[in-house]
Structure formats: C-alpha cells, structure tokens
Asker: 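If you scroll down you'll find the structure; I have some questions about it.
Below, read A as the first sequence line, B as the second, and so on, with proteins coming before strands; counting in each chain starts at 1. Predicted, not measured: the structure shown is a model, and the values here were computed from it.
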4 protein chains.
Amino acid sequence: MFELDVRSRKPIYEQLMDKIKEMIMYGILKPEEQLPSVRSLSTQLTVNPNTIQKAYRELEREGYIYSQPGKGSFVSPEQQQPTQAQQVDMRERLLKLFAEAIYLGFTKEDLQKLYEQAIQEQERGHHHD
Amino acid sequence: MFELDVRSRKPIYEQLMDKIKEMIMYGILKPEEQLPSVRSLSTQLTVNPNTIQKAYRELEREGYIYSQPGKGSFVSPEQQQPTQAQQVDMRERLLKLFAEAIYLGFTKEDLQKLYEQAIQEQERGHHHD
Amino acid sequence: MFELDVRSRKPIYEQLMDKIKEMIMYGILKPEEQLPSVRSLSTQLTVNPNTIQKAYRELEREGYIYSQPGKGSFVSPEQQQPTQAQQVDMRERLLKLFAEAIYLGFTKEDLQKLYEQAIQEQERGHHHD
Amino acid sequence: MFELDVRSRKPIYEQLMDKIKEMIMYGILKPEEQLPSVRSLSTQLTVNPNTIQKAYRELEREGYIYSQPGKGSFVSPEQQQPTQAQQVDMRERLLKLFAEAIYLGFTKEDLQKLYEQAIQEQERGHHHD
DNA sequence: GTGGTCTAGACCACG
DNA sequence: GTGGTCTAGACCACA
C-alpha cells in the first residue's frame with residue numbers, strides 16, 4: 001500500500017500525509033471511505049502508532065479527513081472550497097517551480113505534456129471503482 | 001537585498017539558499033559575479049555567520065556557486081547541462097504539484113498564465129543590467 | 001428533531017446532552033414532559049442505544065431530567081435554585097469568554113446585541129406551545 | 001507560574017494552551033517575548049516534554065506563538081485580524097453561554113459587571129510592564 | 001474495536 | 001542550548 005523512506009530527511013508522518021493526500025486527490029480513496037485504523041497501519045508499516053496518529057491529526061486539521069473517536073478515520077465528504085490562503089500559496093509554489101523548471105531548460109511543451117499526464121492520472125484514479 | 005522570515009518553519013540557511021538560487025535563476029546575479037562575504041552578509045542580515053557559511057557550503061555542493069579560499073564566493077560560470085537525475089526529479093515535482101493544483105480547482109488557463117508570468121519575471125531579471 | 005454532527009470531535013453523547021439541555025432551557029421541552037425513549041431516539045438518529053443511554057444517565061446525574069424505570073424519562077419539574085457552585089462556575093466561564101471575545105475585538109455593543117438575541121430566542125421558545 | 005490539574009478531564013496540553021492564551025490576552029506575555037523552553041517548562045511542571053511540545057505546536061497553529069527550531073518559542077508579534085470563522089465561532093459560544101447564564105438566573109446587570117471586570121483585568125495586565 | 005493522551009527517553013538538525 | 005521527530009508502551013473514553 002505505502003512505501004516509506006525512513007532515511008529520508010522528510011519526516012515519516014509528512015511522507016504519510018503526502019501519500020494519503022495523493023490517494024484522495026487521485027480518487028483512489030473515496031469520500032466517506034474509512035481509512036485503516038491507526039493501529040493496523042502502525043503494524044503494517046512497522047511505524048509507531050504515535051507517528052500515524054500525528055499524520056492523521058494533521059490531515060484532519062487540513063480538512064482532508066476526519067476522525068471519530070471510537071469509530072475510525074474517514075475521508076472528508078467533498079473537496080471543500082479552497083481557502084484564499086490555499087490558492088495564494090499554490091500560486092507561489094507554482095511560480096517558484098516554473099522558474100526552476102525554466103532554468104533547467106523545460107519548455108512550454110514539456111510542461112503541457114506533464115499537465116496532460118497529471119490530468120489523465122487523476123481521471124484514471126476516479127474511474128478505478 | 002534579502003528579507004528572511006524568522007517566523008517561517010523553514011531553516012534560515014535554506015531560505016538564504018532559495019533566495020540566492022532565485023537571484024541566479026532570474027539573472028540578477030550574473031555568472032562569475034562575486035557574492036557578498038560571509039561576514040558582511042552576517043552583519044547585514046543579523047544572522048549567525050555559521051548559518052551563512054552553511055548556506056554557501058550547500059550552494060557550492062549543489063553547483064550553484066564556487067568558493068576560492070581567501071578570495072570569496074562566486075556564481076558558477078554557466079548553466080551546465082542539467083543532470084538526467086535533475087530532470088527526472090523536476091518531472092516528478094511538477095507532476096505532483098499539478099495534481100495538487102488541479103485538485104484545488106486550478107484550470108489549464110490558470111497554469112498557463114502563471115507560466116507566462118514566470119517567463120516574464122525571468123526576462124525582466126536578465127534585462128536588469 | 002436533532003441533528004448530530006458526526007464529524008465533530010465532540011462525543012455524540014455530549015452533543016445529545018447539549019441539544020436536550022438547550023431545548024429545556026429554551027422551553028421547547030416543558031417540565032414533566034416525557035422524553036423520547038432510548039429505543040426510538042436510537043433508531044431515529046441511527047445512533048447506538050448505549051450512546052443515548054449514556055446521555056440520559058448524565059442528564060439525570062446533572063438534574064435536568066429524571067427517569068422512572070419502566071415508564072420513561074421526563075424533564076425535571078422546575079428550575080431548581082441554582083447551586084452556588086453552579087453560579088461560581090458560570091461566573092468564571094463568562095469572565096474567560098469575555099476576555100477572549102475582547103481579545104478578538106468584540107465591543108460592548110456586540111455583546112449586548114448577542115445578549116438581546118439570546119433573550120429573544122428564549123422567549124420565542126417559551127411561547128412556542 | 002502555572003497550575004495544572006492532572007486529574008481533570010481536560011487534557012494537560014489543552015490546559016496549558018488555555019493558560020498561555022490567557023497570559024497573552026491579558027498582556028502578561030508581551031509580543032515577541034520568549035516563552036520558556038519546552039524542556040524547562042517540562043521539568044518545572046513535571047510534565048513530559050512531548051506534552052509541552054504538543055501545546056506549543058497547537059498554539060503556533062492557532063497563531064498565538066511561533067517557534068524557531070534552534071532558537072526558541074516566541075509570542076506572535078500582534079493580534080492579527082481575527083478570521084471570519086473565529087468571529088462566527090465566538091458568536092455561537094457567546095450565545096450558548098448567555099442562554100445558559102440566563103437559565104441560571106443571571107441578569108443583564110450581572111453580565112455587565114462581569115464584562116467590566118474582564119476589561120479591568122485586561123488593562124491591569126497591560127499596565128503590568 | 002476505535003481514536004486520543006501521556007510518559008520515558010532517544011536522536012537529529014539548527015543557531 | 002533550542003525545537004522537532006520518533007519509538008516503546010501504557011491508559012482512557014467512546015461506540
């Protein structure tokens with residue numbers, strides 16, 4: 001299911017967050033779907049429960065999932081309207097990455113191809129039911 | 001010259017690296033141009049000299065600048081051909097960011113506009129002499 | 001009748017307690033009025049019967065309702081004189097909340113308006129028969 | 001400095017958050033002032049460092065403080081404009097508490113007195129330098 | 001069973 | 001020295 005790099009500079013709980021976000025964005029995890037429990041993921045990934053917990057908590061804070069004590073953790077119902085802060089942040093990240101890509105010699109066509117690819121992967125995920 | 005955000009979670013030395021990389025990519029810092037000395041930057045930004053040195057060391061390791069002991073630090077001569085590893089890495093970063101942007105509701109047109117903006121900022125930097 | 005927020009961090013039994021307390025305070029539930037049975041509420045709200053029972057048990061412990069085994073649960077007869085402990089507790093909660101509201105920029109007028117609103121809602125409830 | 005109730009139902013880290021928020025709102029902790037380090041508070045309160053850490057992290061998330069790895073934790077520069085969400089939330093909390101207070105027999109005058117008291121305590125804190 | 005809190009103690013990167 | 005991450009393992013409240 002997941003592959004985590006314990007030697008990476010990026011904290012494990014952040015790697016986990018990224019993976020789960022990805023699966024939600026690609027539609028592999030559907031709205032209201034139940035996530036694996038903290039304990040099961042913990043044993044499955046041989047990672048401490050606290051670390052999983054931390055990832056889940058942060059994902060809840062960011063609105064991707066919600067947790068019900070005693071029941072489990074679930075994917076949030078829908079993509080809520082993105083905050084203005086989120087949009088501004090994304091613009092900045094895109095601008096920075098574009099600048100870096102241009103510097104590395106990426107052309108407009110390269111970027112368009114990558115965009116198409118991203119779109120296709122997202123659609124593939126959604127038709128995956 | 002620089003503005004560092006002490007409140008950011010990002011380490012100061014990384015912020016410094018990003019700023020300098022940006023200035024190189026935008027052509028504000030020209031190839032072979034001399035960078036400010038560790039001492040002067042340290043007092044100017046009221047940042048620990050060790051922190052400046054770490055940023056310079058890392059930038060040298062990544063090939064953006066080179067240091068001549070006793071003379072100073074300089075911007076690397078020319079944009080060397082990007083490594084294949086660099087290109088593969090950039091493709092992945094672009095794909096991930098595109099996916100996230102799409103999830104946040106960014107359209108193809110939004111991305112194109114941002115790309116044009118990035119191009120313009122880069123050109124503006126180069127004409128800045 | 002009720003709407004429970006499964007996404008809230010607040011335990012369901014507490015949400016239930018709050019709703020019932022509110023209805024008593026607003027006079028929507030009259031003294032001596034019979035509450036719905038545990039079973040019916042359970043099916044109506046699709047909530048575990050144990051959870052309903054816990055809410056009722058706690059409400060009885062706090063004096064808002066009383067239960068007659070075999071007959072059902074009823075709203076307590078009259079607003080008994082509030083304990084001194086209850087009053088002291090309420091003063092503290094008000095002081096803290098006022099401090100926070102002031103910090104958030106709420107003015108005396110804002111608070112007065114909200115007070116009037118609370119009064120009106122309470123009167124509306126009582127005239128609701 | 002602090003007094004924590006380990007037997008309380010409210011988690012220790014939340015109690016800590018409330019205390020620190022209070023001290024910031026009352027001006028006892030000034031903007032940009034350094035907070036005690038995680039470790040020092042930990043030994044001082046005989047509470048595990050992780051618990052202090054959690055409180056600090058949440059406070060940072062809510063904008064009350066900010067932390068610089070390697071330097072320390074500091075009170076945020078100023079009261080930033082409250083979010084609309086914060087204001088809506090506060091209105092609801094005030095309405096609910098007013099309803100409860102009215103139910104307990106608190107009069108308009110009682111509430112006004114408590115408001116004046118809250119104002120005074122806040123001013124006292126700010127003149128405390 | 002679930003998520004949530006907490007302790008004890010270790011290690012790391014940063015300044 | 002600082003904050004941040006992580007493990008090992010315990011206990012609690014909730015459904």
Side-chain angles (χ1 to χ4, degrees), chain A residues 4 6-16 34-42 45-58 60 65-74, chain B residues 4 6 8-16 42 45-55 58, chain C residues 4 6 8-16 42 45-55 58, chain D residues 4 6-16 34-42 45-58 60 65-74:
Chain A
L4 299 176
V6 287
R7 301 175 331 183
S8 162
R9 272 191 45 143
K10 182 181 283 187
I12 294 177
Y13 82 96
E14 277 188 23
Q15 292 180 49
L16 228 180
Q34 182 163 7
L35 295 163
S37 80
V38 171
R39 281 170 182 71
S40 64
L41 246 194
S42 162
L45 302 174
T46 58
V47 162
N48 190 285
N50 285 329
T51 306
I52 311 282
Q53 177 82 271
K54 191 168 191 173
Y56 276 19
R57 186 193 183 86
E58 287 294 311
E60 179 167 22
I65 71 173
Y66 66 96
S67 296
Q68 276 186 279
K71 288 202 70 177
S73 300
F74 305 85
Chain B
L4 300 177
V6 291
S8 164
R9 298 176 276 69
K10 184 182 283 187
I12 290 181
Y13 86 95
E14 275 190 25
Q15 289 185 49
L16 232 176
S42 163
L45 302 174
T46 59
V47 161
N48 193 306
N50 294 331
T51 308
I52 311 279
Q53 213 145 29
K54 176 156 193 177
E58 288 296 311
Chain C
L4 300 176
V6 289
S8 164
R9 297 176 279 69
K10 184 181 282 187
I12 291 180
Y13 86 95
E14 275 189 27
Q15 289 184 49
L16 232 177
S42 164
L45 302 174
T46 59
V47 161
N48 193 307
N50 294 331
T51 308
I52 310 280
Q53 213 146 28
K54 176 155 191 177
E58 288 297 310
Chain D
L4 299 176
V6 287
R7 301 176 331 184
S8 162
R9 272 193 43 142
K10 182 181 282 188
I12 294 177
Y13 82 96
E14 278 188 24
Q15 292 180 49
L16 228 180
Q34 182 161 6
L35 295 163
S37 79
V38 171
R39 282 170 182 70
S40 64
L41 247 194
S42 162
L45 302 175
T46 57
V47 162
N48 190 286
N50 285 329
T51 306
I52 311 283
Q53 177 82 269
K54 191 169 190 172
Y56 275 20
R57 186 193 185 85
E58 288 293 311
E60 178 167 22
I65 72 174
Y66 66 97
S67 296
Q68 276 186 279
K71 290 203 67 176
S73 300
F74 306 85

Asker: Let's go through D:F74 and B:V6 carefully: what are the C-alpha distance in whole Å and the side-chain angles of both, what is the deciding distance for side chain to side chain contact (heavy atoms under 4.5 Å, CB included) to 0.1 Å, and is it a yes or a no?
Answerer: CA-CA 11 Å; D:F74 306 85; B:V6 291; over 6 Å; no
Asker: I'd like to know if the side chain of C:S42 reaches the main chain of C:V47, judged simply by a donor and an acceptor atom lying under 3.5 Å from each other, with no hydrogens or angles considered.
Answerer: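 At least one qualifying donor-acceptor pair exists.
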Asker: Please tell me if D:S67 has a side-chain N or O lying less than 4.0 Å from either OP1 or OP2 of F:dG3.
Answerer: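 For F:dG3, OP1/OP2 do not have a side-chain N/O of D:S67 under 4.0 Å.
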Asker: First locate atom CD of A:Q53, then atom OG of A:S73, and finally report the distance between them rounded to the nearest 0.5 Å.
Answerer: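 Interatomic distance, A:Q53 CD to A:S73 OG, rounded to 0.5 Å: 8.0 Å.
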Asker: Which part of the nucleic acid, if any, lies within reach of D:V47 when heavy atoms closer than 4.0 Å are counted: base, sugar-phosphate only, or nothing?
Answerer: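 Sugar-phosphate: the residue D:V47, judged by heavy atoms under 4.0 Å, touches backbone atoms but no base.
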Asker: Run D:L45 and D:I52 through side chain to side chain contact (heavy atoms under 4.5 Å, CB included) and show every step you take.
Answerer: CA-CA 9 Å; D:L45 302 175; D:I52 311 283; 4.3 Å; yes
Asker: With a 4.5 Å heavy-atom cut-off, do A:Q68 and C:I12 have their side chains touching?
Answerer: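 A side-chain contact under 4.5 Å exists here.
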Asker: Does E:dT2 have OP1 or OP2 sitting under 4.0 Å from an N or O in the side chain of A:S37?
Answerer: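 It does, given that an N or O in the side chain of A:S37 lies less than 4.0 Å from OP1 or OP2 of E:dT2.
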Asker: For nucleotides 9-15 of chain E, give me one character per nucleotide, 5' to 3': B if any protein heavy atom sits under 4.0 Å from the base, S if the only such contacts are to the sugar-phosphate, - if neither.
Answerer: B----BS
Asker: Nearest whole angstrom, please: distance from the P of E:dG4 to the OH of A:Y56.
Answerer: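 Atom-to-atom, A:Y56 to E:dG4, this comes out as 11 Å.
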Asker: Can you tell whether the side chains of C:E14 and D:R9 come within less than 4.0 Å, N to carboxylate O?
Answerer: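 Judged by the 4.0 Å cut-off on N to carboxylate O distance, C:E14 and D:R9 do form a salt bridge.
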Asker: Would you say D:S37 and D:Y56 make side-chain contact, with heavy atoms under 4.5 Å?
Answerer: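 D:S37 vs D:Y56: side chains apart.
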Asker: As a check on the pairing definition, encode DNA chain E in dot-bracket form, counting Watson-Crick and G-U wobble pairs whose two distances are under 3.5 Å, and using | for partners outside this strand.
Answerer: ||||||||||||||.
Asker: Hey, is the side chain of D:Q53 pairing donor to acceptor with the base of F:dG3 inside 3.5 Å?
Answerer: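 Checked by distance alone, the answer is no.
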Asker: Please report the distance, rounded to the nearest Å, between CG in D:L41 and P in F:dG1.
Answerer: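 Roughly 17 Å, once rounded to whole Å.
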Asker: Can you tell me how far C1' of E:dC6 sits from CG of D:L16, to the nearest Å?
Answerer: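 It works out to 13 Å between those atoms.
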